[in-house]
Amino acid sequence: MQGNLPPEAQEKLEELQGLQDTAQQVAVQKNQAETDLNESRNALETLEEVDEDTTMYREAGELLIETDHETANEELEEKVDSLEVRLETLKKQEERVQSEFEQLQQELQQMLGGAGGPGGAGGPGAGPSPGPGA
């Protein structure tokens, strides 16, 4: 952090960094939810092609437990529904964090006299800065 910043600007900069960390965490969670959802949807599609009399197993921690076609189908549908809700929630959270970040970034730039803000404070969605001689 720069020691020559006013205390208010220093506080805003710390908030920006916190929001950037939050944005990264949400992005990781969203990517994992998308992966889990795709895997569950694929499993559900595969299950449609499997004969109902086929012996099936589901994971329970380190164990495989025998299950029937109907139970497996119900559990996968519930999992897909749950993951869709989770993914939608994470998308909204991501949008909220992005909006807060942009607002805080503008406040900080205004506080510093519109000089483009502190160096290296690019956050989520920040574009490249022009190079020397630009």
Side-chain angles (χ1 to χ4, degrees):
M1 310 263 171
Q2 297 180 355
N4 59 347
L5 289 178
E8 302 84 25
Q10 184 73 30
E11 186 177 314
K12 295 271 187 213
L13 185 58
E14 289 172 7
E15 286 182 53
L16 271 174
Q17 290 170 337
L19 280 174
Q20 191 170 16
D21 291 344
T22 300
Q24 289 172 345
Q25 292 169 359
V26 170
V28 167
Q29 291 175 18
K30 188 179 107 182
N31 287 340
Q32 185 62 52
E34 287 172 337
T35 299
D36 292 347
L37 180 58
N38 288 334
E39 288 175 359
S40 295
R41 284 179 175 159
N42 289 339
L44 203 50
E45 288 175 17
T46 301
L47 188 59
E48 291 175 6
E49 300 170 8
V50 173
D51 184 72
E52 291 188 19
D53 296 330
T54 303
T55 303
M56 286 181 251
Y57 299 90
R58 65 177 176 87
E59 287 184 27
E62 297 291 324
L63 303 174
L64 291 177
I65 298 175
E66 190 171 347
T67 188
D68 59 73
H69 190 277
E70 184 179 343
T71 302
N73 191 58
E74 288 173 6
E75 289 177 354
L76 277 171
E77 285 177 349
E78 286 177 16
K79 185 173 183 180
V80 165
D81 290 344
S82 173
L83 285 167
E84 287 173 342
V85 169
R86 172 93 173 118
L87 187 56
E88 194 59 36
T89 301
L90 288 168
K91 285 179 181 179
K92 288 178 183 176
Q93 185 177 3
E94 186 177 52
E95 290 170 5
R96 181 188 55 79
V97 169
Q98 177 67 28
S99 176
E100 286 180 29
F101 185 91
E102 290 170 1
Q103 181 181 354
L104 197 57
Q105 192 173 37
Q106 287 177 349
E107 290 174 15
L108 183 59
Q109 286 175 351
Q110 289 174 354
M111 193 178 287
L112 297 175
S129 58

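For reference, positions follow the sequence shown, starting with 1. Small disclaimer: the values here were computed from a predicted structure and weren't measured.
Here the closest non-hydrogen pair linking Ala33 and Leu83 is O-CD2, 4.4 Å. Taking both residues in full, the closest heavy atoms of Leu76 and Ser40 are given as CD2-O, 4.1 Å, listed atom of the first, atom of the second, then distance. The two residues Val97 and Ala23 come nearest to each other via the heavy atoms CG1-CB, 3.8 Å. For Val80 against Leu44, the heavy-atom pair with the smallest separation is CG2-CD2, 4.3 Å. Residues Leu108 and Ala9 approach most closely at CD1-O, 3.5 Å, considering heavy atoms.
Between the CZ atom in Arg96 and the OG1 atom in Thr22 there is a gap of 8.0 Å [rounded to 0.5 Å]. Rounded to the nearest 0.5 angstrom, Leu47 CG and Glu70 CD are separated by 11.0 Å. Rounding to the nearest 0.5 Å gives a distance of 6.5 Å between CD of Glu75 and OG1 of Thr71. Within the model, atoms CG of Leu64 and CZ of Arg58 stand 10.0 Å from one another, a figure rounded to the nearest 0.5 Å. Note that CD of Glu102 is 11.0 Å distant from CG of Leu16, once rounded to the nearest 0.5 Å. The distance from the CD atom of Gln106 to the CE atom of Met111 is 13.0 Å, given to the nearest 0.5 Å.
Judged by distance alone, the side chains of Asn38 and Thr35 never bring a donor and an acceptor atom under 3.5 Å apart.
Atom CD of Gln24 is surrounded by more than 12 heavy atoms from other residues, nucleotides or ligands within 6.0 Å.
A heavy-atom distance below 4.5 Å is found between the side chains of Gln29 and Arg86. Within the 4.5 Å cutoff, no side-chain heavy atoms of Ile65 are placed close to those of Tyr57.
Leu13 and Leu104 fall within a single hydrophobic cluster, where Ile, Leu, Val, Met, Phe, Trp and Tyr side chains are chained together by heavy-atom contacts under 4.5 Å.
Contacts classified as salt bridge (charged side-chain N to carboxylate O under 4.0 Å, His left out) and involving residues 30-42 (residues at least two apart or in different chains) are given here: Lys30-Glu94, Arg41-Glu84.
Between the side chain of Ser82 and the main chain of Glu78, no donor-acceptor pair closer than 3.5 Å is present. Distance alone, capped at 3.5 Å, is enough to place a donor-acceptor pair between the Thr54 side chain and the Asp51 backbone.
We find that Lys12 and Glu8 are not joined by a salt bridge, their nearest charged nitrogen and carboxylate oxygen being 4.0 Å or further apart.
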Could you please spell out the steps behind the side chain to side chain contact (heavy atoms under 4.5 Å, CB included) verdict for His69 and Met56? CA-CA 7 Å; His69 190 277; Met56 286 181 251; 3.4 Å; yes
